[in-house]
Amino acid sequence: MSYTQCRSPGALVARQNKTGGADKIPRASNVKHQASLFSLSTFNPILFSPFSYTMDRSNKPSAIGVGASLPQPTLSIKDNIIEASLPTGQSVTVHLYGATVTSWKTGGQEQLFVSEKAHLDGSKPIRGGIPLVFPVFGPPPQNHATSTLPQHGFARNSNWEFLGKSSSEAPGRDSDQTDLTVKLDFGLSHSMLTDEFRAAWPYEFGLVYSVTLTTDTLETALQVRNEGQQNFDFQVLMHTYLSIADISDIRVKGLESKTYIDKTLQATSHTESSPALAITQETDRVYQQLAPAVPIVVASAKDDQSLFSITREGLTDVVVWNPWIEKAKGMADFGPDEAYKNMICVEAGSVSGWQTLEAGEAWEGGQSIKSRL
Ligand SMILES: O=P(O)(O)OC[C@H]1O[C@@H](O)[C@H](O)[C@@H](O)[C@@H]1O
């Protein structure tokens with residue numbers, strides 16, 4: 001294991017340390033922690049302890065560490081954009097604005113769709129990649145604690161801080177090889193919000209968002225902590241724009257017999273009849289009560305080969321969204337117009353009801369996307 005502390009942990013982490021490990025995870029997300037998949041940085045005593053500074057690799061005796069001679073992941077930080085690459089070539093890019101993952105490359109190919117007209121200057125949420133939806137999904141309901149927030153909340157349009165990177169060596173698929181992974185952690189807390197957002201949602205919270213790149217997966221996991229005295233409700237969604245060659249050539253599998261709310265049909269409830277959903281028109285559906293470990297698969301219509309396979313932890317809803325022709329034209333930051341053919345959003349979340357966190361409680365959930373390449 002190697003750890004690099006890139007900046008001093010801020011108030012967010014200091015407060016988390018105060019409440020320590022005694023927090024309970026609420027029932028709604030009572031997931032077992034799988035250290036290899038969704039181990040969050042706040043649960044990592046090394047990364048956030050004062051001792052992390054003494055573990056800087058440059059001070060490490062060269063004789064220590066079995067992986068010392070292996071090529072290590074690389075990290076670059078420039079203009080509030082963090083990019084990490086594995087020695088095997090895979091890379092991930094995250095903008096601190098929204099902690100939005102804006103690129104994931106495997107096999108030399110981009111796996112995420114980002115609109116050519118996306119605003120990358122922090123003036124609007126980024127149209128593409130993986131914007132993070134929190135604490136409300138869609139237009140906020142009236143007479144609710146979120147009602148004066150913008151659509152999809154504030155996480156995707158706030159400036160996050162980079163908490164640091166950690167990397168680990170795991171046994172590879174071939175017994176004589178070692179796979180490296182790199183995990184990037186980002187934090188957002190109440191005090192970091194704009195005055196406007198702080199007034200609209202006055203709760204003391206701490207978010208830690210972890211983006212983990214492995215040789216064949218991208219994993220994103222969010223931990224939400226209530227660091228104040230008042231309960232709060234939230235929804236969360238990882239609004240993943242997957243890049244595809246042609247919308248007519250894909251099918252979405254794993255949804256059959258599931259109930260969904262169709263937002264294009266006045267939010268009416270339906271049951272999915274198709275084992276392999278073709279997208280042939282504007283599609284905006286919230287599939288509910290999905291078993292997180294059962295993958296949602298985006299497969300090729302030609303040969304049924306899996307292009308993407310998405311499993312989740314603690315996230316039982318999945319939104320399937322494609323704006324199609326007219327909606328795409330109507331979005332100023334979507335382009336070119338025809339690009340709706342090159343994307344499908346498969347969004348893992350918890351959006352059907354609300355997660356409630358009492359003082360001192362924490363919740364976590366995440367997704368793991370496996371790409372064909
Ligand atoms: O334009 P926004 O705010 O990024 O939202 C895009 C889409 O996000 C999806 O998650 C919603 O289900 C859609 O209703 C919405 O249109």
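Fair warning: this is a prediction, and the values are worked out from it, not measured in the lab. Numbering of ligands and ligand atoms starts at 1, following listing order.
Remark: of the listed residues Asn80, Asp79, Thr100, Thr102, Thr102 is the sole one forming a side-chain hydrogen bond (donor to acceptor under 3.5 Å, both in side chains) with His95.
Of the protein's non-hydrogen atoms, the one nearest atom 10 (O) of ligand 1 is Glu347 OE1, 2.7 Å. Counting only heavy atoms of the protein, atom 1 (O) of ligand 1 lies nearest to Arg127 NH2, 3.0 Å.
Only the side chain of Arg156 comes within 4.0 Å of ligand 1, counting heavy atoms alone; its backbone N, CA, C and O stay farther away.
With hydrogens and angles disregarded, a donor-acceptor distance shorter than 3.5 Å links the side chain of Asn322 to the backbone of Tyr340. When atom types are taken as modelled, the side chain of Trp354 and the backbone of Phe232 share no donor-acceptor pair closer than 3.5 angstrom.
Between His270 and Tyr260, the ring planes are parallel. Angles under 30° get that label, and only those over 60° would be called perpendicular.
Annotation for ligand 1: atoms under 4.0 Å from non-hydrogen atoms of Gln151 are 2 (P), 3 (O), 5 (O). Here is the list of ligand 1 atoms found below 4.0 Å of a heavy atom in Phe137: 10 (O), 12 (O).
The existence of a salt bridge linking Asp216 and Lys370 is confirmed by a sub-4.0 Å separation between a basic side-chain nitrogen and an acidic carboxylate oxygen.
Remark: aromatic rings of Trp201 and Phe234 are distant, center separation not under 6.0 Å.
Taking all heavy atoms of Asp284, Val320, Thr283 into account, the minimum distance to atom 12 (O) of ligand 1 is reached by Asp284. Closest heavy-atom approach to atom 9 (C) of ligand 1 among the candidates Lys263, Glu282, Lys124, His239: His239.
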